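Heads up: the structure comes next, in structure tokens.
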Amino acid sequence: MSGAPARTLLLWCPDWPVLAAEIVDGVPATDPVAVLHANRVVACSERARAEGVRRGLRRREAQGRCPQLTVVDHDPGRDARAFEPVVAAVEEVVAGVEVIRPGACALAARGPSRYLGGEEAAAERIVEHVAQTCAVESQVGIADGVFAAGLAARDGRIVPPGGTPEFLAGLPVEALGRPTLTDLLRRLGVRTLGDFAALPAGDVLARFGFDGALAHRLAAGRDHRPLAVRQPPADLTVTADHDEPIDRVDAAAFAARTLAEQLHERLAAHGLACTRLGIEAVTAHGQELHRVWRHDGLLTAAAIADRVRWQLDGWLSGSNGRGGARPARPTAGIIRLRLVPDGVLAQAGLQPGLWGETGEERERAHRALSRVQGILGPEAVVTAVLGGGRSPADQVRLVPWGDERLPARPGPPPLPTAEPPRPTEPVAPDGETGVVRAGAVARSGRRGGAARSGGAAPVPPWPGRIPPPAPAVVLPTPLPAAVHDAAGEPVVVSARLAVSAAPARLTVGTGRPAEIAGWVGPWPVDERWWAPAEARRRARFQVCLADGAALLLAVEGGQWLVEAIYD
């Protein structure tokens with residue numbers, strides 16, 4: 001943060017939220033318009049200011065001052081979308097633009113001033129070009145540093161080099177844009193930026209903290225960081241047009257290799273590498289085909305060519321899938337092929353494996369699975385990702401091969417494996433409290449009967465989550481079952497989680513009854529009670545059968561279900 005700030009040119013569009021509402025939503029900016037956020041005015045048009053509307057007023061007070069006021073909700077996304085053409089127009093004249101916020105952008109003044117014949121000429125050229133291209137009025141300020149240039153832009157002023165501290169000294173402390181700090185400084189008798197800058201930096205840090213120290217630097221004309229300019233994105237796409245439609249795989253493979261080499265050379269010229277490749281094709285009948293290929297390593301020219309060839313093979317050959325399913329074949333040959341590097345990074349930005357490459361076996365498997373995806377579609381190859389949830393089925397999400405492996409629900413890492421529950425005695429319910437005590441239940445010291453053993457295990461973020469071990473098989477559709485006690489009566493769980501009798505026999509579907517050697521539960525789950533259409537209330541049990549099998553049962557609406565099987 002040391003060193004003199006660089007000469008900065010800042011373009012400012014007054015009342016930008018109002019202009020953005022006119023550009024996007026068609027609200028006339030020449031009428032009395034106010035943009036509100038949290039029931040307060042954050043921007044208003046010139047006619048609204050003439051009627052007494054000011055920033056910070058509440059909605060009712062603003063409408064009281066101007067009854068014909070048009071109120072618009074604040075939308076940062078709308079402001080950013082509308083400002084993008086303005087930034088693009090500035091980049092047509094100069095390079096290296098940093099967007100400060102929607103309505104203001106900055107750039108180093110040295111290059112444009114030398115190229116366009118001085119700072120004043122550069123400012124006039126940029127303002128004129130933005131007005132002609134986007135029909136937007138703007139003002140330019142030039143000073144030492146972004147903060148001072150922003151204040152100078154409000155008056156359309158060019159501060160001479162070295163004159164920034166003097167320019168800032170006479171401005172009120174409200175120019176810092178920190179209401180809390182400003183109010184405190186006013187009560188302490190500090191009314192201008194010059195008075196604030198004259199205070200010792202150490203005392204300011206001790207009294208006002210880090211944010212106050214940062215404001216103190218700005219008041220003295222010293223920016224806290226240099227410009228982070230926006231580089232216009234390079235056009236890395238390669239396209240090949242063919243007079244004769246390509247309808248053979250061998251001809252498509254030749255075209256793919258040529259195009260892949262062009263793309264790789266273009267990426268290498270910019271010091272980039274591709275990790276996600278978009279393949280687009282257009283047929284002679286105007287049919288558009290598109291597919292995105294992902295790769296966890298750097299795509300070389302040969303790897304790009306292979307993926308394009310595989311994809312064209314899948315499109316043109318119409319190979320049979322499982323069950324006789326045949327992907328739709330294009331109605332005509334391909335006349336245009338386009339490769340889009342959808343994901344790029346610096347050539348040295350990917351860390352190789354510890355011993356060099358990631359492994360030949362892994363690469364072979366990746367190529368095989370990627371080819372299957374090219375023929376059958378990206379959803380044909382999926383892998384499981386573990387996440388949060390209360391039941392085993394909720395914790396697993398199937399992700400297409402190559403996609404980002406994010407869980408469906410946030411949660412802790414996978415639970416440690418342990419032996420399945422093997423109780424030696426049946427458990428007895430406590431009908432008054434609804435808590436089930438499992439005598440000698442789980443060897444792993446889990447919740448349930450072992451919860452009173454005194455182990456201080458961390459509480460998971462999903463209350464009611466099934467304790468470890470995790471089941472080996474989660475059934476996609478739970479199987480209906482029936483649970484009876486020793487007398488042959490159905491076992492019922494009350495609303496207070498009281499079990500009518502100890503479970504003794506389990507019948508799954510139309511199968512034969514099996515003896516229950518031990519059980520633990522219930523674990524209640526009452527999910528999404530605030531949404532009646534999605535509400536679900538059930539209780540779950542872990543049971544061990546006489547033949548050694550262990551199951552996860554659930555009872556919901558009086559119906560017993562088998563949800564999962566332990567190994």
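If you read the sequence from its start, that first residue is 1, and numbering goes on from there. Quick caveat: nothing in here was measured; it's all calculated off a predicted structure.
To the nearest 0.5 Å, the span separating CG on Leu107 from CG on Leu11 amounts to 8.5 Å. Phe254 contributes atom CZ, which lies 14.0 Å from atom CG of Leu312 (distance to the nearest 0.5 angstrom). We find the CG-CZ distance between Leu188 and Arg207 to be 6.0 Å, quoted to the nearest 0.5 Å. Here the NE2 atom belonging to His216 is positioned 11.0 Å from the CG atom belonging to Leu181, to the nearest 0.5 angstrom. The CG atom of Leu193 sits 6.0 Å away from atom CG of Leu168, with the distance rounded to the nearest 0.5 Å. Taken from CG in Leu171 to OG1 in Thr192, the straight-line distance is 8.5 Å, to the nearest 0.5 Å.
Using a 4.5 Å heavy-atom cutoff, the side chains of Phe83 and Cys13 are in contact. Val93 places a side-chain heavy atom less than 4.5 Å from the side chain of Leu116. By the 4.5 Å heavy-atom criterion applied to side chains, Val308 and Leu337 are counted as neighbours. Side-chain contact between Tyr115 and Pro112: absent, with no pair of heavy atoms (C-beta onward) separated by less than 4.5 Å. With a 4.5 Å cut-off on side-chain heavy atoms, Thr237 and Arg338 count as touching. Put simply, the side chain of Val146 reaches to within 4.5 Å of the side chain of Leu10, judged on heavy atoms. In this structure, Leu57 and Arg65 have side chains that are in contact, with non-hydrogen atoms separated by less than 4.5 Å.
Remark: Glu92 CD is packed, more than 12 non-hydrogen atoms of other residues, nucleotides or ligands lying under 6.0 Å away. The neighbour count for Gln68 CD, taken as heavy atoms of other residues, nucleotides or ligands under 6.0 Å away, is above 12. For His37, the NE2 atom counts as loosely surrounded, since its 6.0 Å shell holds 12 or fewer non-hydrogen atoms of other residues, nucleotides or ligands. Within 6.0 Å of CG in Asp241 there are more than 12 heavy atoms belonging to other residues, nucleotides or ligands. Remark: Arg81 CZ is packed, more than 12 non-hydrogen atoms of other residues, nucleotides or ligands lying under 6.0 Å away.
Of the possible polar contacts, one joining the Arg55 side chain to the Val42 backbone as a donor-acceptor pair under 3.5 Å is found. The backbone N or O of Ala281 sits nowhere less than 3.5 Å from a side-chain atom of Thr283 that would complete a donor-acceptor pair. Panel note: side chain Trp12, backbone Val140; no donor-acceptor pair is recorded below 3.5 Å. For Ser45 (side chain) and Val33 (main-chain N/O), a donor-acceptor pair under 3.5 Å exists by modelled atom type. For the pair Arg336 (side chain) and His242 (backbone), a donor-acceptor distance under 3.5 Å is absent. Here the side chain of Arg40 pairs a donor or acceptor atom with the backbone of Gly56 at under 3.5 angstrom. The backbone N or O of Asp144 sits nowhere less than 3.5 Å from a side-chain atom of Thr8 that would complete a donor-acceptor pair. A distance-only check finds a donor-acceptor pair linking the side chain of Asp75 to the backbone of Gly77 [under 3.5 Å]. Judged by distance alone, the side chain of Arg54 and the main-chain N or O of Arg49 form a donor-acceptor pair under 3.5 Å.
Closest of all the heavy-atom pairs between Ser138 and Val127 is O-CG1, 3.7 Å. What you find for Pro85 and Cys134 is that their closest heavy atoms are O-SG, 3.5 Å. Considering all non-hydrogen atoms of both residues, Ala219 and Phe196 come closest at CB-CD2, 3.9 Å. Between His129 and Ala89, the closest heavy-atom pair is CD2-O, 3.1 Å. Gly156 and Gln139 get closest at one heavy-atom pair: N-NE2, 3.7 Å. Minimum interatomic distance between Ala148 and Thr164 (heavy atoms only, all atoms of both residues): CB-CG2, 3.3 Å.
Taking 4.0 Å as the cut-off between side-chain N and carboxylate O, Arg191 and Asp195 do not count as a salt-bridged pair. The residues Arg217 and Asp223 are annotated as not salt-bridged, no charged nitrogen and carboxylate oxygen being separated by less than 4.0 angstrom. A salt bridge links Arg186 to Glu174: one of the charged nitrogens lies within less than 4.0 Å of a carboxylate oxygen. For Glu51 and Arg47, the salt-bridge test fails: no basic side-chain N is under 4.0 Å from an acidic carboxylate O.
Considering Arg125, Arg110, Arg7 as possible partners of Glu119, the one that fulfils the salt bridge (charged side-chain N to carboxylate O under 4.0 Å, His left out) test is Arg7. Among Val90, Ile126, Val94, the one residue that satisfies the side chain to side chain contact (heavy atoms under 4.5 Å, CB included) test with Leu9 is Ile126.
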**Item:** Residues Leu277, Leu263; criterion side chain to side chain contact (heavy atoms under 4.5 Å, CB included); working and verdict
**Value:** CA-CA 10 Å; Leu277 175 67; Leu263 175 61; 3.7 Å; yes

**Request:** I would like to know whether Thr383 and Leu398 meet side chain to side chain contact (heavy atoms under 4.5 Å, CB included); could you show each step before the answer?
**Result:** CA-CA 5 Å; Thr383 56; Leu398 297 179; over 6 Å; no

**Request:** Just do the side chain to side chain contact (heavy atoms under 4.5 Å, CB included) check on Arg178 and Leu214 with the steps written out, would you?
**Result:** CA-CA 11 Å; Arg178 292 167 167 81; Leu214 177 60; 3.8 Å; yes

**Request:** Determine, stepwise, if the pair Glu280 / Val340 fulfils side chain to side chain contact (heavy atoms under 4.5 Å, CB included).
**Result:** CA-CA 8 Å; Glu280 300 176 359; Val340 182; 3.9 Å; yes

